[in-house]
Amino acid sequence: GWCYFGLKNYGNAIEQFERAEKLGGDLYQINKGKAFAHLKMNKKPDAKTEFSKIYNHLQISTILDLWTRWHEKILMH
């Protein structure tokens with residue numbers, strides 16, 4: 001999944017993370033990868049769902065806030 005993520009092929013990344021889940025892969029990496037792929041595809045509700053499997057509410061809020069600020073800076077440059 002992370003290979004496809006690195007290639008900016010986020011749909012395939014999610015598919016591969018889901019395949020890894022079925023094969024008994026590391027759930028932390030799977031859920032984190034799916035969450036960030038959803039963020040890259042502007043699917044914040046889906047990202048929150050995935051993040052909620054591994055992080056608490058405060059951690060999720062922090063991640064989403066940092067994500068928003070980071071992307072605002074990119075758009076400004």
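Since the model is a prediction, treat every value here as computed from it, not as a measurement.
The heavy-atom pair separating His38 from Ile14 by the smallest distance is CE1-CD1, 3.4 Å. Here the shortest heavy-atom pairing between Phe5 and Ala13 reads N-CB, 3.7 Å. Across all non-hydrogen atoms, the minimal contact from Phe17 to Lys34 is CB-CG, 3.5 Å. In plain terms, the two heavy atoms of Ala35 and Ala47 that are nearest each other are O-CB, 3.4 Å.
Here the rule is side chain to side chain contact (heavy atoms under 4.5 Å, CB included) with Tyr55, and of Thr62, Asn31, Ile60 only Ile60 fits it.
Residues Ile30 and Ile54 share a single hydrophobic cluster, defined by chaining ILVMFWY side chains whose heavy atoms lie under 4.5 Å apart.
For the atom pair NZ (Lys32) and CG (Asp26), the distance works out to 8.5 Å, reported to the nearest 0.5 Å. Taking CG from Leu66 and NE2 from His71, the interatomic distance works out to 11.5 Å, rounded to the nearest 0.5 Å.
With a 4.5 Å cut-off on side-chain heavy atoms, Leu39 and Asp46 do not count as touching. Residues Arg69 and Trp67 form no side-chain contact, since every pair of their non-hydrogen atoms from C-beta on lies 4.5 Å or further apart.
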Exercise. Take Glu50 and Lys53 through the salt bridge (Lys or Arg N to Asp or Glu O under 4.0 Å) test and state the conclusion after the steps.
Key: CA-CA 6 Å; Glu50 294 301 328; Lys53 296 175 183 176; 3.4 Å; yes
Quiz prompt | Chi angles and distances behind the side-chain hydrogen bond (donor to acceptor under 3.5 Å, both in side chains) call for Trp2, Gln16 | solution = CA-CA 9 Å; Trp2 285 116; Gln16 291 304 309; over 6 Å; no
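Aromatic pair Phe51/Phe36: centroids less than 6.0 angstrom apart.
Side chain of Asp65 to backbone of Ser61: no donor-acceptor contact under 3.5 angstrom is found.
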